[in-house]
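Below is one structure, written out as structure tokens; comments come after it.
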Amino acid sequence: MMKIELHFKKSLLVSAVTLATLTLAGCANTAPQGKYVDGVHQVSGKGKKSEITLEVNVAQGKITEVKTLSHKETESLYLNAERILPEIVSRNGHEGIDAIASATYSSNGILKAVNDLPRVDGTKPEYQSVGPRSQSGDDDFKLQWSIQPRLGLVKGDYYFEEARFRQGHMGSMLVIVDSSNRQDVLLAEFNESGRPNYYTRLYQNVPKRMSEYNFSMGKKKGTAWVQSALTMEKLMMEKDQLTFELNPNYDPKLGNKLTEPNRLKYQGIDIVAGASNSIQQSMIPLTAKLHNRIQEGASPEAFYQQAEKVLDEKGRWTGVTAMLRIVVDKNTQKITHAHYDEIFADDKKEIQDASLKAFYRQSKYDSINYVEPARIGFNVMFDALSKHLEEGGSLFNINDLPAAGDTGSYAQTGFTKRSDAWDNYLSLAEMLYKQMRTDGVISEQALAPVAK
């Protein structure tokens with residue numbers, strides 16, 4: 001009996017070893033191949049001024065060395081961009097590597113070149129440009145909100161109120177209702193600008209809705225200012241209701257405490273703590289005034305908004321949405337208010353231009369740090385447009401406005417080329433003009449040149 005048992009154990013051991021050997025052999029036969037094709041490869045990618053050509057050594061499917069063969073980029077910037085070469089080797093590819101700040105285009109040229117390396121599986125993924133690596137921890141920012149405007153046409157009766165509150169902040173409330181049914185709220189939008197003596201100079205007189213302010217607020221208090229406004233606006237439009245009763249159990253001493261973020265309640269909707277003062281002291285009183293005006297009768301002014309995604313030559317969204325708003329006096333048929341803006345996508349991954357990814361969930365008009373390529377402030381350009389239109393100028397004859405033409409002289413004029421934003425504006429202006437003419441609320445005077 002003992003011999004049989006020993007023989008059985010011995011046979012079991014041999015079988016196990018054999019099975020393990022076969023298993024290991026099988027693993028060796030099915031082991032994953034390397035990522036890239038072995039050899040010395042020359043690959044290229046477009047930088048800011050030139051093609052960047054690299055020489056990449058690959059052994060056993062892994063990148064072992066990357067060096068630059070040629071480029072015509074600005075030398076100092078390109079030397080900075082080359083700091084990503086060791087990262088490419090250590091990561092065995094370009095994935096997950098951000099650009100070097102101040103050398104974004106050169107960095108993307110290098111990464112795009114690496115993306116062209118021949119792969120063992122024969123694939124070639126489409127390259128997605130990247131933005132500069134964050135110096136302030138924005139990549140870890142987890143809060144979510146959307147500032148994208150409703151696409152297409154919005155039109156109706158126009159109601160607007162603004163007033164300063166709490167130490168000088170400027171609050172404003174816009175409400176658009178259906179011209180044939182004033183109980184139908186089509187658009188509700190609250191905004192606020194920091195007071196002129198705000199303790200952070202960067203945000204003095206700066207609108208909060210589509211600027212960096214929301215990121216700053218989020219990092220300090222764990223909630224973005226705009227989240228409360230969006231919550232209230234959604235409620236107003238969904239319920240077609242502009243006035244709400246304060247929660248009878250509301251304790252003003254706890255209203256803005258992060259440990260009690262839901263102290264303010266309107267119709268069961270929780271208001272985020274980061275903007276509770278703004279909602280209570282500005283948005284609600286302003287909206288109540290508008291509610292009373294709406295009940296009194298139709299507005300003498302009509303509102304028109306057109307928002308469209310800006311597409312590239314292949315018909316793909318660039319990650320920028322253009323928006324034009326025009327208010328006209330129904331009696332005089334003249335423009336009383338106008339505003340143009342370009343809004344960046346809510347997610348930086350949706351923005352094609354690597355240099356613009358940092359401005360996600362912001363707009364060109366409200367952003368503090370956005371740099372307009374035409375060498376003049378985007379807000380300055382379109383404040384000039386607003387004044388031009390409100391003074392009776394043409395919707396389409398804009399040649400005298402800033403950055404509307406090529407001067408070729410930065411030293412002489414302060415800007416060197418026509419801003420692409422003007423073409424986007426003209427496209428939306430044509431759409432709105434046709435609609436307003438169809439509705440009979442604007443005269444042909446809007447086509448006339450500016451009076452000299």
Side-chain angles (χ1 to χ4, degrees), residues 148-160 172 174-176 179 186-187 189 191 207 210 298-311 318 320-343 363-366 372-374 376-407 413 415 417-452:
Q148 287 299 298
R150 187 188 315 172
L151 295 177
L153 175 69
V154 178
K155 67 174 184 175
D157 275 9
Y158 170 81
Y159 296 88
F160 179 82
S172 66
L174 167 70
V175 173
I176 308 301
S179 300
L186 302 177
L187 179 65
E189 184 176 294
N191 206 345
M210 293 189 285
S299 170
E301 295 178 300
F303 172 90
Y304 288 80
Q305 173 181 294
Q306 191 77 33
E308 302 290 338
K309 290 185 174 182
V310 178
L311 307 179
T318 60
V320 176
T321 302
M323 181 187 73
L324 175 62
R325 290 176 169 176
I326 293 177
V327 180
V328 293
D329 186 301
K330 296 176 185 177
N331 296 318
T332 65
Q333 295 190 335
K334 293 183 178 180
I335 295 172
T336 58
H337 306 283
H339 179 66
Y340 176 80
D341 201 354
E342 292 185 356
I343 300 103
S363 81
K364 291 184 180 181
Y365 186 90
D366 286 340
E372 170 58 39
I376 192 169
F378 186 92
N379 59 326
V380 174
M381 290 163 48
F382 288 99
D383 279 344
L385 171 71
S386 299
K387 182 178 180 181
H388 163 87
L389 294 177
E390 290 162 14
E391 292 179 349
S394 166
L395 275 166
F396 305 108
N397 187 345
I398 58 171
N399 294 333
D400 291 338
L401 297 180
D406 291 314
T407 67
T413 66
F415 51 86
K417 62 180 181 179
R418 177 184 174 88
S419 170
D420 292 341
W422 286 118
D423 296 321
N424 298 332
Y425 156 75
L426 288 172
S427 177
L428 298 187
E430 184 175 1
M431 295 180 192
L432 285 188
Y433 177 74
K434 289 179 179 178
Q435 184 64 54
M436 291 186 292
R437 287 290 292 161
T438 298
D439 295 343
V441 298
I442 197 169
S443 67
E444 291 185 5
Q445 179 66 25
L447 291 174
V450 182
K452 296 292 185 181

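- Put simply, the side chain of W422 gets close to the backbone of P402: a donor and an acceptor are under 3.5 Å apart.
- Residues R325 and L187 are in side-chain contact: their nearest non-hydrogen atoms beyond the backbone lie under 4.5 Å apart.
- Of the inter-residue distances, the one linking L389 atom CG with I326 atom CD1 reads 6.5 Å to the nearest 0.5 angstrom.
- For A403 against A374, the heavy-atom pair with the smallest separation is CB-CB, 3.6 Å.
- Taking 4.5 Å as the limit, every side-chain heavy atom of T321 sits out of range of all side-chain heavy atoms of D341.
- Between S299 and D157, the shortest heavy-atom distance links the atoms N-OD2, 3.4 Å.
- The shortest distance between side-chain heavy atoms of I176 and Y159 does not fall below 4.5 Å.
- The OH atom of Y365 sits 6.0 Å away from atom NE2 of H339, with the distance rounded to the nearest 0.5 Å.
- The number of heavy atoms from other shown groups lying within 6.0 Å of CD (E430) does not exceed 12.
- For the residue pair F378 and A421, the shortest heavy atom distance occurs at CE1-CB, 3.7 Å.
- Atoms CG and NE2, from D383 and H388 in turn, are 14.0 Å apart once rounded to the nearest 0.5 Å.
- Heavy atoms of other residues, nucleotides or ligands lying less than 6.0 angstrom from CG of D420 number 12 at most.
- Nearest approach of L186 to K155, heavy atoms of both residues: CD1-O, 3.2 Å.
- Note: S427 OG to E308 CD = 7.5 Å, rounded to the nearest 0.5 Å.
- The two residues Q305 and P149 have their closest heavy-atom pair at NE2-CB, 4.3 Å.
- At a threshold of 4.5 Å between non-hydrogen side-chain atoms, the residues D423 and R418 count as touching.
- Under the 4.5 Å side-chain criterion, counting only non-hydrogen atoms from C-beta, Y304 is in contact with D439.
- Using a 4.5 Å heavy-atom threshold, the side chains of L426 and I398 count as touching.
- Of the inter-residue distances, the one linking L401 atom CG with F382 atom CZ reads 9.0 Å to the nearest 0.5 angstrom.
- Shown here are the salt bridge (charged side-chain N to carboxylate O under 4.0 Å, His left out) partners of D329, two or more places apart in sequence or in another chain: there are none.
- At least one side-chain heavy atom of L428 sits under 4.5 Å from a side-chain heavy atom of Y340.
- A centroid separation of 6.0 Å or more is found between the aromatic rings of F160 and H337.
- A distance of 5.5 Å separates CG of L395 from CE of M436, quoted to the nearest 0.5 Å.
- Scanning all heavy atoms of the two residues, the minimum distance from E301 to V327 falls at CB-CG1, 3.7 Å.
- Side-chain atoms of Q333 and V328, non-hydrogen and from C-beta on, never get closer than 4.5 Å to each other.
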